[in-house]
Amino acid sequence: MRNSLNQSQYSQLNLLDQALVDKAVAMTDTAYAPYSGFLVGAAVQLNNGVVLGGCNQENASYPLCMCGERVALYNAAANYPHQSVVSLAIVARNPRKKLTQPVSPCGACRQVIAEYESRYGSDIRIILKGETNDVIIFDTIKELLPYGFDGTFL
Ligand code: THU
């Protein structure tokens with residue numbers, strides 16, 4: 001059950017989506033974030049049913065830090081290049097401050113998610129969660145990145 005803002009509760013998700021969120025939460029345990037301490041976990045559900053995870057990878061050279069959702073998407077694209085991405089769960093944990101709202105993907109990650117929608121010609125469902133049971137679901141990245149730049153301009 002979702003309201004008009006796409007808000008829902010973890011307990012209201014179907015079992016497949018709950019498992020995807022669970023995988024993303026588990027991925028926060030292996031996040032490498034010694035500089036920010038902000039732990040991001042992500043999980044992708046592929047068309048063939050495979051679920052793959054990712055988490056943020058930081059670097060002493062700060063601009064080289066890589067977001068968790070991009071690690072998950074690149075993991076999937078590298079290992080299953082012919083399987084479209086059906087759903088992507090993104091969660092975060094902040095040991096310094098409890099995240100009372102679902103985490104919102106950064107602009108760079110929105111652009112990368114859009115690339116995979118274009119690549120596979122299908123929408124990617126995006127499930128966001130923080131440290132409470134509140135979740136927000138988007139049926140396509142176009143809701144989060146309207147009028148985006150894509151390969152049709154090139
Ligand atoms: N981060 C993500 O992993 N995903 C986002 O969408 C936003 C930010 C990471 C990058 C960095 O390691 C830490 O969170 C703080 O910005």
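Residue numbers start at 1 and run along the sequence shown. Numbering of ligands and ligand atoms starts at 1, following listing order.
There is no protein heavy atom closer than 4.0 angstrom to atom 16 (O) of ligand 1.
Every atom of ligand 1 with a heavy atom of Ser36 under 4.0 Å away is listed here by number and element: 13 (C), 15 (C). Heavy-atom contacts of Asn56 reach the following atoms of ligand 1: 3 (O), 9 (C), 11 (C), 12 (O), 13 (C), 14 (O) (cutoff under 4.0 Å).
Between atom OH of residue Tyr10 and atom CG of residue Asp22 there is a gap of 3.0 Å, rounded to the nearest 0.5 Å. Separation of atoms CD (Gln57) and CE (Met66) is listed at 9.5 Å; rounding is to 0.5 Å.
A side-chain donor-acceptor contact under 3.5 Å links Arg119 to the backbone of Pro81. At least one donor-acceptor pair under 3.5 Å links the side chain of Glu58 to the backbone N or O of Tyr35.
Looking at Cys67, Cys109, Pro34, Gly37 and measuring to atom 10 (C) of ligand 1, the nearest heavy atom belongs to Cys67.
The part of Glu69 lying near ligand 1 is the side chain, judged by heavy-atom distances below 4.0 Å.
Within 6.0 Å of atom CZ in Phe153, more than 12 heavy atoms from other residues, nucleotides or ligands are found, so the atom counts as buried in its surroundings.
Scanning all protein heavy atoms for the shortest distance to atom 14 (O) of ligand 1 gives Phe38 CD2, 3.3 Å. For atom 3 (O) of ligand 1, the nearest protein heavy atom (residue, atom name, distance) is Gly68 N, 2.8 Å. Atom 12 (O) of ligand 1 has as its closest protein heavy atom Glu58 OE2, 2.5 Å.
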Evaluate the side-chain hydrogen bond (donor to acceptor under 3.5 Å, both in side chains) criterion for residues Arg110 and Ser104: first the C-alpha distance (whole Å), next the side-chain angles of each, then the deciding distance (0.1 Å), finally the verdict. CA-CA 10 Å; Arg110 293 177 196 210; Ser104 186; 2.7 Å; yes

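Screening Gln9, Lys129, Gln7 for a side chain to side chain donor-acceptor pair (under 3.5 Å) with Asp134, the sole residue that qualifies is Gln9.
Ligand 1 is approached by Pro105 to a heavy-atom distance shorter than 4.0 Å.
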